[in-house]
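Working notes, beginning with the structure itself.
Any value given below was found using the heavy atoms of this structure, including those in side chains, with hydrogens, waters and symmetry copies removed.
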Amino acid sequence: MKILILNGSPKPSGSASEKLAEGLAQRLGNAEITMFNAMKTGKDEFVAQVNAIDALVVVFPLYVDGLPSHLLRLLDEAKGEIKSSARVYSIANNGFYEGQQNHLALEMMRHFSASSGMEWGQGLGVGAGGMVGVAPFGSGPMKNIGKALDKMAQNILNKQNGDDFYIQPNFPKFLYKMAAHRSWYSQAKGNGISRKGILRGD
Amino acid sequence: MKTLIIQDIDQNGIDVDLSKYTLFQMSERVKPCVGCFGCWIKTPGKCVIKDGDNVFLELMPKVDKVMVISKLTFGGFSPDIKGVFDRSIGFILPFFETVSGEMHHKQRYEKRPSLQYMFYGDNMTEAEKATAQKLVKANAVNLGAPDCSASFYATPDEILEGLK
């Protein structure tokens with residue numbers, strides 16, 4: 001079984017999308033997996049690979065309720081040239097706590113899938129993406145996410161579809177919010193920006 | 001009433017009454033957001049990529065309405081317009097607040113434009129249009145827009161006629 005995992009994060013490394021992609025890949029047993037980064041993949045290379053696989057998995061961060069523009073461009077340019085019987089699966093992650101807020105981006109992935117003549121397999125929306133990687137998938141705050149990756153991996157390997165589903169870490173919302181705010185203050189301080197400076201509106 | 005137009009119909013601009021509208025001209029191939037969060041923690045409210053496409057964000061707080069004219073792409077914006085929006089999240093703050101039970105970002109500005117999205121395309125499906133209707137509402141919550149709407153046209157000319 002051949003699988004292409006397309007990482008749609010623009011970050012060169014260490015992104016939540018990359019960690020989710022790796023976590024999923026580890027659950028795909030002996031399948032032959034290729035990993036592409038959408039920032040470094042041309043349309044022709046992408047189309048050739050999609051036309052030779054059984055499953056495409058697109059993993060990406062939510063940007064303004066949709067797909068990051070570089071990923072959108074790649075999929076838009078490729079859609080007319082894809083001739084593939086692969087199923088499409090997708091994992092979207094967002095900075096907000098609720099995984100449900102990825103639902104429009106997953107709808108957009110469904111429209112990509114339909115307009116390229118591929119079958120939609122399943123979508124997963126992961127909330128509190130900033131926490132991905134704080135523990136191994138399947139344990140502690142990453143327990144739910146590990147289970148969700150297990151479920152999607154099984155569907156991919158069994159060549160079956162599943163309902164879209166949404167999850168967030170096993171971690172309270174108010175603590176996630178506090179941790180996020182502390183992180184913003186600390187990162188801004190590192191750039192010489194004060195707490196008040198972050199709020200500037202000129 | 002100031003209306004800012006961003007459009008993907010013509011790279012050379014469109015013919016509208018410039019006393020009524022401000023035209024924003026994006027690049028031919030808008031550079032993507034690189035996820036650096038510089039617009040929140042390095043140069044708050046400004047995109048760190050200074051190539052002209054960063055200016056849209058700086059115009060947003062100064063207008064009453066943002067009008068987006070875009071080819072409908074998977075139920076949302078075309079890639080260049082999406083690139084400009086991705087690079088405009090400095091319009092809001094990194095901090096979170098709860099809006100109707102959901103987590104969203106706090107607003108940076110008191111005055112925020114309403115959103116009017118006008119989509120065109122010759123093969124728009126009902127499902128894609130339904131996604132776009134939900135998109136404008138979701139964007140309005142995230143960008144704190146006082147009002148929003150989405151409408152659909154078979155050709156760009158229909159939109160341009162309406163603006164004359």
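At most 12 heavy atoms of other shown residues, nucleotides or ligands fall within 6.0 angstrom of atom NZ in A:Lys143. Residue A:Glu32 places its CD atom among 12 or fewer non-hydrogen atoms of other residues, nucleotides or ligands, all under 6.0 Å distant. A 6.0 Å sphere centred on NZ of A:Lys196 holds no more than 12 heavy atoms belonging to other residues, nucleotides or ligands.
In this structure, CD1 in B:Ile41 is found 9.0 Å from OG in A:Ser186, a value given to the nearest 0.5 Å. Between atom CZ of residue B:Phe74 and atom OG of residue A:Ser113 there is a gap of 10.0 Å, rounded to the nearest 0.5 Å. Here the straight-line distance linking atom CZ of A:Phe96 with atom CD of B:Glu102 works out to 8.5 Å at 0.5 Å rounding. Rounded to the nearest 0.5 angstrom, B:Thr73 OG1 and A:Arg73 CZ are separated by 10.5 Å. Note: A:Ile198 CD1 to B:Lys106 NZ = 11.5 Å, rounded to the nearest 0.5 Å.
Side-chain contact, A:His111 with B:Thr125: no donor N or O sits under 3.5 Å from an acceptor N or O.
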Counting only pairs under 3.5 Å, give me each side-chain donor-acceptor contact of residues 145-156 of chain A, with atom names and distances, residues two or more places apart or in other chains.
unit_1: A:Asp150; atom_1: OD1; unit_2: A:Arg27; atom_2: NE; d: 2.6
unit_1: A:Asn155; atom_1: OD1; unit_2: A:Gln160; atom_2: NE2; d: 2.8
unit_1: A:Asn155; atom_1: ND2; unit_2: A:Gln122; atom_2: OE1; d: 2.9

Throw together a table of side-chain donor-acceptor distances under 3.5 angstrom for residues 1-13 of chain A, partners on residues two or more places apart or in other chains.
unit_1: A:Asn7; atom_1: OD1; unit_2: A:Ser9; atom_2: N; d: 2.9
unit_1: A:Ser9; atom_1: OG; unit_2: A:Lys11; atom_2: N; d: 3.1

Residue pair A:Arg110, B:Thr131: steps toward the side-chain contact (heavy atoms from CB on, under 4.5 Å) verdict
CA-CA 11 Å; A:Arg110 273 177 185 263; B:Thr131 300; over 6 Å; no
Would A:Val64 and B:Asn139 count as a side-chain contact (heavy atoms from CB on, under 4.5 Å) here? Give the steps.
CA-CA 7 Å; A:Val64 199; B:Asn139 283 178; 4.0 Å; yes
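Across A:Ala180 and B:Phe96, no two heavy atoms sit closer than the pair CB-CE1, 3.6 Å. Summarising the geometry of A:Ser69 relative to B:Pro79, their closest heavy-atom pair is CB-O, 3.5 Å, with the distance given to 0.1 Å. Contact detail for A:Tyr63 and B:Gly35: the closest heavy-atom pair is OH-CA, 3.4 Å.
Under the 4.0 Å criterion applied to side-chain N and carboxylate O atoms, B:Lys134 and A:Asp65 are not assigned as salt-bridge partners. With respect to the salt-bridge test (charged N to carboxylate O, under 4.0 angstrom), the residues B:Glu97 and A:Lys177 do not qualify. Ion pairing of A:Glu77 with B:Arg29 is present here, as a side-chain N (NZ or NE/NH1/NH2) and a carboxylate O approach within less than 4.0 Å.
Comparing A:Trp184, A:Tyr176, A:Tyr185 by how many heavy-atom pairs each has under 4.5 Å with chain B, the most go to A:Trp184. Highest contact tally toward chain A, considering only B:Lys42, B:Glu110, B:Lys31, B:Lys46, is held by B:Lys42 [criterion: heavy-atom pairs under 4.5 Å]. Annotation: maximal heavy-atom pairing with chain A below 4.5 Å, among B:Ala132, B:Ala138, B:Pro94, B:Gly75, occurs at B:Pro94. Ranked by non-hydrogen atom pairs under 4.5 Å with chain A, the options B:Cys33, B:Gly76, B:Ala130 are led by B:Cys33. For chain B, the option among A:Gln101, A:His70, A:Glu107, A:Gln187 with the highest count of heavy-atom pairs below 4.5 Å is A:Gln101.
Between the A:Glu98 side chain and the B:Met103 main chain, a donor and an acceptor come within less than 3.5 Å of each other. Panel note: side chain B:Lys82, backbone A:Leu72; no donor-acceptor pair is recorded below 3.5 Å. A distance-only check finds a donor-acceptor pair linking the side chain of B:Arg108 to the backbone of A:Arg200 [under 3.5 Å]. Using modelled atom types, no side-chain atom of B:Asp86 and backbone atom of A:Pro68 make a donor-acceptor pair closer than 3.5 Å.
When heavy atoms are compared at a cutoff of 4.5 Å, B:Ser78 approaches chain A solely by way of its backbone atoms N, CA, C and O. Neither the backbone nor the side chain of A:Leu74 comes within less than 4.5 Å of any heavy atom of chain B. Contacts of A:Ile193 with chain B are made by side-chain atoms alone, with heavy-atom separations under 4.5 Å and no backbone atom involved. At a 4.5 Å heavy-atom cutoff, the contact between B:Phe37 and chain A is made by side-chain atoms alone. When heavy atoms are compared at a cutoff of 4.5 Å, B:Asn142 approaches chain A solely by way of its side chain, counted from C-beta outward. In this structure, no portion of A:Met109 lies under 4.5 Å from any heavy atom of chain B. In this structure, chain A has heavy atoms under 4.5 Å from both the backbone and the side chain of B:Leu135. B:Tyr109 touches chain A through its side chain: at least one heavy atom from C-beta onward sits under 4.5 Å away, while N, CA, C and O do not. Heavy atoms of A:Lys189 lying under 4.5 Å from chain B are absent altogether. Of the two parts of B:Pro61, neither the backbone nor the side chain holds a non-hydrogen atom closer than 4.5 Å to a non-hydrogen atom of chain A.
Near-neighbour residues of residues 3-16 of chain B relative to chain A, defined by a heavy atom under 4.5 Å from a heavy atom of that chain, are none. Of residues 148-164 of chain B, no residue lies under 4.5 Å from chain A by any heavy-atom pair.
Relative orientation of the A:His181 and B:Phe95 rings is perpendicular, given thresholds of 30° and 60° on the angle between their planes.
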